Novice: 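Before I ask anything, here is the structure I am working with.
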Amino acid sequence: MSEEAIRKVAVLGAGTMGHGIAQVSAAAGHQVVIRDIDEAALERGLAGIGKSLDKLLAKERIDATEAERIRGAIATTTSLEDAVKDADVVVEAIPERMDLKVETFRALGEHAPAHALLATNTSSLSVTEIAAASGAPDRVVGLHFFNPVPVMKLLEIVRGLGTSDATIARARAYGDAIGKESVVVRDWPGFATSRLGIILGCEAIRMVEQGVASPADIDKAMKLGYRHPMGPLELTDLVGLDVRLHIMEHLFRELGEQFRPPALLRQMVRAGKLGRKAGEGFYVY
Ligand code: 3HC
């Protein structure tokens, strides 16, 4: 399998991560199809790609011809079967629910070609459990991307219990092709990145609860004192408070007390203060 060229990439899910993955795959010269469950979601995804390409155009990172080529390389569909039937790589970026992932990988086992690399962009769920549903766990790998996908250099490759060496090699080759730097980690709750990233966000929220400092000062402290590009609360707003709460709940169950979600986070999610996408989180946009 490792010798197979990657021509076509199918991305399942047109959300923030899915459309970013589609964009970087198309930019690397792959033919891309994005699948989501309705046309409105696909349109939002294409609009997101349009915005990102406009930024790259404004910075003269790409020219108009290249932007058009990237747009032209991305097709959309609502049919999972059509999306994956001739794919060389499938990247799943659907919501972080194990029941949905299991259903999707069961379908991939049935409809994706036997040579296809089957990847999940889960940020913390068990790759091994997702892989088991496909019936071909050797071909399944975690490919964890970071937001904003066109900007962040890292690709965290997660090796499930049954992931083969050939699959890891192929995942690395895909990562190289799309211009990412890879690290390979063992399948363990939260992997390397979410486990550390979430604990920082979790503590920052507890500090707001305890009145240690304002969100702006906590963020300023980490940016100027630790050179983080963004403070932990700004980052929580970027990723989405609901997304972070969900990951925390999972890591709390799997790894214990240190990941117990702060009450303030639950309250803010209940109030709809989900971060940038909702116009308000720890900051107002
Ligand atoms: N597409 C293309 N280019 C983009 C972009 C996008 N969506 N978003 C930003 N950019 C470009 C900008 O044009 C700019 O280009 P330049 O360097 O040529 O000027 C550059 O990226 C920096 O952007 P800005 O000048 O607008 O703003 P900043 O300098 O503040 O950078 C940031 C923004 C890149 C988001 C930076 O603050 C950052 O790196 N923040 C940390 C992000 C992070 O930690 N992400 C990981 C989240 S966790 C995750 O994703 C895991 C998941 O499982 C939850």
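Along the sequence shown, the residues carry numbers beginning at 1. Small disclaimer: the values here were computed from a predicted structure and weren't measured. Counting starts at 1 for both ligands and their atoms, following the listed order.
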Novice: Side chains of Arg195 and Leu255: closer than 4.5 Å at any heavy-atom pair?
Specialist: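 Yes, close enough: below the 4.5 Å cut-off.
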
Novice: Is ligand 1 under 4.0 Å from a heavy atom in the side chain of Val239, in the backbone, in both, or in neither?
Specialist: side chain

Novice: Does at least one non-hydrogen atom of Arg61 fall below 4.0 angstrom from an atom of ligand 1?
Specialist: yes

Novice: Using a 4.0 Å cut-off to any heavy atom of Ser123, which atoms of ligand 1 qualify?
Specialist: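 Going through ligand 1 atom by atom, the ones under 4.0 Å from Ser123 are 53 (O).
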
Novice: Quick test: of every protein heavy atom, which one is nearest to atom 49 (C) of ligand 1, and how far off is it to 0.1 Å?
Specialist: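 So the nearest neighbour among protein heavy atoms is Phe146 CD2, 3.6 Å.
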
Novice: Using a 6.0 Å cut-off, check whether atom CG of Leu100 has over 12 heavy atoms from anything other than its own residue.
Specialist: yes

Novice: Does the protein come close to atom 15 (O) of ligand 1 - that is, does one of its heavy atoms sit below 4.0 Å from that atom?
Specialist: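 At least one protein heavy atom is under 4.0 Å away.
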
Novice: Any donor-acceptor pair under 3.5 Å linking the side-chain atoms of Thr78 with those of Glu39?
Specialist: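 Thr78 and Glu39 do not have a side-chain donor-acceptor pair below 3.5 Å.
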
Novice: As an exercise, identify every atom of ligand 1 less than 4.0 angstrom from a heavy atom of Leu235.
Specialist: 42 (C), 43 (C), 44 (O), 45 (N), 47 (C)

Novice: Would you say CG of Leu161 has more than 12 non-hydrogen atoms from neighbouring residues, nucleotides or ligands within 6.0 angstrom?
Specialist: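 No - once you tally the heavy atoms of other residues, nucleotides and ligands closer than 6.0 Å, there are 12 at most.
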
Novice: Determine whether any heavy atom of Ser194 lies closer than 4.0 Å to an atom of ligand 1.
Specialist: no

Novice: Give a yes-or-no answer on whether the side chains of Thr104 and Glu92 include a donor-acceptor pair shorter than 3.5 Å.
Specialist: no

Novice: List every atom of ligand 1 that sits less than 4.0 Å from any heavy atom of His144, numbering the atoms from 1 in the order shown and giving each element.
Specialist: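 Matching atoms, with element in brackets: 51 (C), 52 (C), 53 (O).
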
Novice: Is there a protein heavy atom less than 4.0 Å away from atom 45 (N) of ligand 1?
Specialist: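 Yes; the ligand atom in question has protein heavy-atom contact below 4.0 Å.
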
Novice: Can you find a protein heavy atom under 4.0 Å from atom 20 (C) of ligand 1?
Specialist: no

Novice: Counting heavy atoms only, which of Met230, Met152, Glu234, His246 comes nearest to atom 40 (N) of ligand 1?
Specialist: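 Ranked by closest heavy atom to atom 40 (N) of ligand 1, first place is Met230.
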
Novice: Starting from atom 7 (N) of ligand 1, what is the nearest protein heavy atom, named by residue and atom, and what distance separates them?
Specialist: Pro148 CB, 3.7 Å

Novice: List the closest protein heavy-atom neighbour of atom 1 (N) of ligand 1: residue, atom name, distance to the nearest 0.1 Å.
Specialist: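 I find the closest protein heavy atom is Ser52 OG, 2.6 Å.
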
Novice: As a quick check of understanding, evaluate salt bridge (Lys or Arg N to Asp or Glu O under 4.0 Å) for Asp165 and Arg159, giving each step before the final call.
Specialist: CA-CA 9 Å; Asp165 289 342; Arg159 182 194 276 275; 3.1 Å; yes

Novice: Starting from atom 8 (N) of ligand 1, what is the nearest protein heavy atom, named by residue and atom, and what distance separates them?
Specialist: Lys55 NZ, 3.5 Å

Novice: Determine the sole option in Arg170, His30, Lys8, His115 for which the side chain to side chain donor-acceptor pair (under 3.5 Å) test with Asp88 is passed.
Specialist: His115

Novice: Do protein heavy atoms approach atom 25 (O) of ligand 1 to less than 4.0 Å?
Specialist: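 No; the ligand atom in question lacks any protein heavy-atom contact below 4.0 Å.
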
Novice: Compare all side-chain heavy atoms of Leu12 with those of Val91 and state whether any distance is below 4.5 angstrom.
Specialist: no

Novice: For atom 4 (C) of ligand 1, which candidate among Val151, Thr16, Asp54, Val24 provides the closest heavy atom?
Specialist: Val151

Novice: In a check of side chain to side chain contact (heavy atoms under 4.5 Å, CB included) between Leu118 and each of Val89, Val140, Thr167, which one passes?
Specialist: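 The residue from Val89, Val140, Thr167 that satisfies side chain to side chain contact (heavy atoms under 4.5 Å, CB included) with Leu118 turns out to be Val140.
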
Novice: For atom 50 (O) of ligand 1, what's the nearest protein heavy-atom neighbour? Residue, atom name and distance, please.
Specialist: Asn147 N, 2.9 Å

Novice: Can you check whether a protein heavy atom sits less than 4.0 angstrom from atom 54 (C) of ligand 1?
Specialist: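 For atom 54 (C) of ligand 1 the answer is yes, since some protein heavy atom falls inside 4.0 Å.
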
Novice: Report the nearest protein non-hydrogen atom to atom 36 (C) of ligand 1: residue, atom name, distance rounded to 0.1 Å.
Specialist: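 Looking at atom 36 (C) of ligand 1, the protein heavy atom closest to it is Pro229 CB, 4.2 Å.
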
Novice: If the condition is side chain to side chain donor-acceptor pair (under 3.5 Å), which residues does Lys180 pass it with, not counting sequence neighbours?
Specialist: none

Novice: Pairing donors with acceptors under 3.5 angstrom, does anything connect the side chains of Thr77 and Asp82?
Specialist: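 On atom types as modelled, these side chains do not qualify, holding no pair under 3.5 Å.
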
Novice: Heavy atoms only: give me the nearest Ala171-Leu143 pair and the separation to one decimal.
Specialist: CB-CD2, 3.9 Å

Novice: Nearest non-hydrogen contact with atom 13 (O) of ligand 1 belongs to which option: Lys51, Lys59, His228?
Specialist: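 Selected option, by shortest heavy-atom distance: Lys59.
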
Novice: Please check if any side-chain donor atom of His144 sits under 3.5 Å from a side-chain acceptor atom of Asn121, or the reverse.
Specialist: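 Checked: His144/Asn121 side chains show no N/O donor-acceptor pair below 3.5 Å.
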
Novice: Considering all protein heavy atoms, does one lie under 4.0 Å from atom 30 (O) of ligand 1?
Specialist: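 It does not; no protein heavy atom is within 4.0 Å.
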
